[in-house]
Amino acid sequence: PERGVRLIQEQVVAYRNDSPFAGEGTLYVTESSVTWISRGETRGFSLSYPSIIIHAISTDISSFPHEHLLVVVDVSRACTVGEGIRLGGGHELQTGAGDEKESEGDQLILRFVASDMSALETIYKEMAECQELNPEMEDMEDDEDEEEGEE
């Protein structure tokens with residue numbers, strides 16, 4: 001990503017459900033998407049903000065062995081391509097047959113573990129600010145309806 005970059009965090013491991021995706025990589029938070037690219041730049045994916053249902057910092061190491069940024073993705077808002085999922089930006093996140101039972105319905109769970117745990121708060125904050133820049137169409141329609149009702 002080159003435009004609207006708000007944060008670049010190196011040394012981040014991405015997990016799909018509970019399995020490492022492709023080792024260590026770099027996480028980019030931009031005004032239009034969240035992108036993760038593996039260290040060798042051979043694998044990666046990009047999430048458009050409308051596909052992100054929720055993101056949160058998880059410090060509960062009883063459910064996952066590392067503090068991390070939890071991101072739940074609405075797969076139905078992403079384009080499916082063959083056996084992979086394009087999550088905005090043209091990148092694919094491969095899914096396998098076992099993913100149906102690991103993810104709930106059309107949701108995919110991603111976890112980002114930074115080598116610098118103090119960076120989680122900054123990553124979360126930047127994602128929250130950028131997500132506000134990308135309201136869902138339904139939210140925009142609701143706001144317009146409320147404005148019309150006030151008049």
Of all heavy-atom pairs linking T30 and C130, the shortest is O-SG, 3.3 Å
Which of D74, I53, V73 passes side chain to side chain contact (heavy atoms under 4.5 Å, CB included) with Q107? It is I53
Interatomic distance, OG1@T122 vs CE@M127, rounded to 0.5 Å, equals 13.0 Å
Hey, quick one: are M117 and V29 part of the same hydrophobic cluster, counting side-chain heavy atoms closer than 4.5 Å, chains of contacts allowed? yes
Of all heavy-atom pairs linking H68 and L120, the shortest is N-CD1, 3.8 Å
CD1 (I54) and CG (L70) are apart, to the nearest 0.5 Å, by 7.5 Å
To the nearest 0.5 Å, atom OH of Y15 lies from atom CZ of F64 at 5.0 Å
Checklist entry - When clusters are formed by joining ILVMFWY residues with side-chain heavy atoms under 4.5 Å apart, either directly or through shared neighbours, do L133 and L7 land in the same one? => result no
So CG of L47 and OG of S32: to nearest 0.5 Å the spacing works out to 11.5 Å
- Task: Please report the C-alpha distance between S62 and D60 in whole Å, then the side-chain angles of each, then the deciding distance to 0.1 Å, and finally whether the side-chain hydrogen bond (donor to acceptor under 3.5 Å, both in side chains) criterion is met.
- Result: CA-CA 5 Å; S62 67; D60 179 11; 2.4 Å; yes
So CZ of F112 and CG of L110: to nearest 0.5 Å the spacing works out to 5.0 Å
Sorted by chain and number, sequence neighbours left out, salt bridge (Lys or Arg N to Asp or Glu O under 4.0 Å) with R6 holds for E31, E126, E129
